[in-house]
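Please read all numbers here as calculations on a predicted model, not as lab measurements. Whatever order the structure lists ligands and atoms in, that order sets their numbers, starting from 1.
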Amino acid sequence: MHTSDLHFGRPAVEEQLDSLKSSIVELAPDAVAVSGDLTQRCSTFEFLKARAYLDEIRETAPVIVIPGNHDVRWIGAVARNLDVWRKTAHDFKYSKYTRHISPELNPSLEVPGTPGAVIAGCNTAHGISRGSLTRRFRDLGVIGHVNQRDLRKVEEAFAHAAPDDARVVMIHHNPIRGAVSGRHGLANTRQALRSFADLGTELVLCGHDHQDAVHTVEEGAPGLVVSTAGTISNRLRAGRPSSFNLVEIDESNLRITTYSWRNPEGFAPSREHSFPRRAASRSA
Ligand SMILES: [Fe+2]
Ligand SMILES: [Fe+2]
């Protein structure tokens, strides 16, 4: 199960979070992947709420989680960009996330099965940094990028994958332009997607745009599937409901079902996409 942008704090909707938890129990996924923006204002209170929630989910399924731009502290981000106390500023920037959620910003998870999967988390939330510079002032500190050091972590994670395992990368920022927002989340989209494809990635999980979407990449990394999970909060885009994506992978197909919020029933399947697996077409 792939979910994103829970935004604990004012945007959180308790009813939806409870329903998401029930869906996890009901669907019993092999893993729950949470692609960032756990908090709204990066506050300790919000992180504590997020941590307690993740711990409850962990009772049902293993959880892999990465930070989003809302989970990074700004002062540290600015200081790092100015090269002031580089290490200290870097630690400060992620200190709340690492204290309350996980010390690992690029975690990975091996999901056993036939076929199995390896999910590699790749942190794209660097605050205001050189790689994320943008001319659009309102995107300052919002846009993300994929850097070489984090890519190496993905490579290391995939080194443990069996040949038939699905290689899945999870990032926070959407590499595909949002249909309603018109925004790319990543500064170096093309390069990032090509690097992921070169590492044998079949599927990229992301969030950030607050609008669910499923795409295949045409240029640079043809056939790569991108699953953008919507938000579970009241920060909705153009009236689109909260949603999460369920990803099912077998030997030959990859299927993504979007579950959307329908009051009062809870989350229900609303759309389905199916793709032949890249690994299957390679060995055919
Ligand atoms: Fe978000
Ligand atoms: Fe975000």
**Request:** Group every Ile, Leu, Val, Met, Phe, Trp and Tyr by side-chain heavy-atom contacts under 4.5 Å, then state whether L236 and L20 land in the same group.
**Result:** no
**Fill in**
Of all the N, O or S atoms in D5, the one nearest to the Fe ion (ligand 1) is OD2
**Prompt:** Which is the closest N/O/S atom of H208 when seen from the Fe ion (ligand 2)?
**Reply:** ND1
**Item:** Criterion salt bridge (charged side-chain N to carboxylate O under 4.0 Å, His left out) on D150 and K153, from CA distance to verdict
**Value:** CA-CA 5 Å; D150 297 324; K153 294 285 224 163; over 6 Å; no
**Asked** Listed by chain and number, what are the ring pair (Phe, Tyr, Trp, His ring centres under 6.0 Å) partners of Y53, not counting sequence neighbours?
**Response** F8
**Prompt:** Do any of the N, O or S atoms of H70 sit under 2.8 Å from the Fe ion (ligand 1)?
**Reply:** no
**Asked** If you check every N/O/S atom of H7, which is the one nearest the Fe ion (ligand 1)?
**Response** NE2
**Complete:** Taken to the nearest 0.5 Å, the spacing of L224 CG from F196 CZ works out to 9.0 Å
**Item:** Shortest-distance N/O/S atom, D37 versus the Fe ion (ligand 2)
**Value:** OD2
**Prompt:** Relative to the Fe ion (ligand 1), which of the N, O or S atoms in H210 is the closest?
**Reply:** NE2
**Message:** Between T258 and S270 (side chain of the first, backbone of the second, donor and acceptor by atom type, cut-off under 3.5 Å), is there such a pair?
**Reply:** no
